[in-house]
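First comes the structure, then the notes that go with it.
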Number of protein chains: 2
Amino acid sequence: MSTPQARRKTRTDAERNRDRVLEAARALFAESGYDVQMSEVARVAGVGIGTLYRKFPTREALIEAIAEHRAADIIAAARRLTEADDPAQGLARFLHHVGEVLSDDRGMSEVVEKAMGSSEPREETREALLAIAAELIERAQARGTVGHGVTTADVNMIICGLAAVIRNAAGDWRRYIEVALDGLRPR
Amino acid sequence: MSTPQARRKTRTDAERNRDRVLEAARALFAESGYDVQMSEVARVAGVGIGTLYRKFPTREALIEAIAEHRAADIIAAARRLTEADDPAQGLARFLHHVGEVLSDDRGMSEVVEKAMGSSEPREETREALLAIAAELIERAQARGTVGHGVTTADVNMIICGLAAVIRNAAGDWRRYIEVALDGLRPR
DNA sequence: CATAATATGGAATGCGGAATCCGGATTCCG
DNA sequence: CGGAATCCGGATTCCGCATTCCATATTATG
């Protein structure tokens, strides 16, 4: 059951290649979304397809590895913004941060749009983001800068819409956020 | 240029089959979006794949035929709503109508989300919808029920987001519309 | 160094699904 | 009716991609 101790250290070239693959995949996914071909990833990484598959046994595994990593970044950065004094402003910054990330990463905008819909409680990224939103909303409501009917479900939809607007280049997403936030103000 | 007159009337069974195909495709697309297989469409239509392809030489042709038809319906209905007295209410009804249609038709929600992004001026559906919105906005602004900064671009984004919210079941889309409309009110 | 342990590349394979082809069935027209 | 014009069905071809395999190359270890 336990790992065989008599194992050699992983070869250094293997490790180097793993990094290359991750790097290439991250770039390609950000550039054109997750419908990039595995062979393309390998080519850009300067690696054979076989190697790519040794590192990530499945296309999905590769995508997941990267999306997870990216998501963690978003969440961490967002959590930092929570600590600002003005919670309403915090919410604004939070959304702008998400927008900033998504507009630089097509792949993420695809993932986020879908993730905000998945009703599975297992969707950690969404849970984390909404947890942050929950705190901000509550604090803002206490100050009367956000309406009382507002819930995380609202933020959920707003983010889902935001992802769509960005992904389809449907307009100025900053303006979209402005409108949405105005919509959350107390009546 | 003109049709060869010496041509027989199109066979009645051919016409019947065409209708069946359209009907089946409409139902399937509404049910599960446009990623349905051609063979499935044929099966449901009670028709061979060959026949399906004679009517619509390409998967895309089939999709287009149906989407176009559906879009025309949306536009016509929406235009009717424009004639209401209160333009702000008209805008609300307009969005609700779009929501109603999209939530009953997965395929359309896919199409609309993309269509609102396409920057091609050729996108007739978008143009038509935004034309309706333009009139409502203008009238509402005159009455002071909608903010002055508001443009059709805003409505464009809102619809794009709406489609995404519905498509991903990200929450209660009626509430989404409420929030968005509140966001368009004068400050 | 020698050699076992690992890693590599990329041709070959498998597969899902769109689109084509054509022998046979139907329908129209005089 | 008869037979020419049309249409049908669905097996088959094609194609794009993910994934696998393995002969060869590289690295760690003693």
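Basis for what follows: all heavy atoms, side chains included, without hydrogens, waters or symmetry-related copies. Chain letters run A, B, ... following the sequence lines, proteins first, then strands; residues in each count from 1.
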With side chains defined as the heavy atoms from C-beta onward, is the minimum distance between A:Pro87 and A:Arg143 less than 4.5 Å?
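The answer is yes, as the side chains (C-beta and beyond) meet within the 4.5 Å cut-off.
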Would A:Leu81 and A:Leu162 show up in the same hydrophobic cluster when neighbours are defined by side-chain heavy atoms closer than 4.5 Å?
no
Which letter, B, S or -, goes with each nucleotide of nucleotides 14-27 of chain C from 5' to 3', with contact meaning a protein heavy atom under 4.0 Å?
---SSBB----BBS
Quick one: do [X] and [Y] make a salt bridge, cutoff under 4.0 Å?
X        : Y        : result
A:Arg43  : A:Glu40  : yes
A:Arg93  : A:Glu100 : no
B:Glu110 : B:Arg106 : yes
B:Asp182 : B:Arg185 : yes

A:Glu31 atom CD, neighbour heavy-atom count above 12 within 6.0 Å:
no
Can you sort out which residues in residues 23-33 of chain A have a heavy atom within less than 4.0 Å of DNA chain D? Ascending by number, please.
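Hits under 4.0 Å, by residue number: none.
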Do side-chain atoms of A:Arg139 reach the backbone of A:Asp85 as a donor and acceptor pair under 3.5 angstrom?
yes
Let me know the distance between CZ of A:Arg18 and P of D:dT26, rounded to the nearest Å.
23 Å
Does C:dC29 have a Watson-Crick or wobble partner in any strand here, with both distances under 3.5 angstrom, and which is it?
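D:dG2 - that is the nucleotide pairing with C:dC29, both distances being under 3.5 Å.
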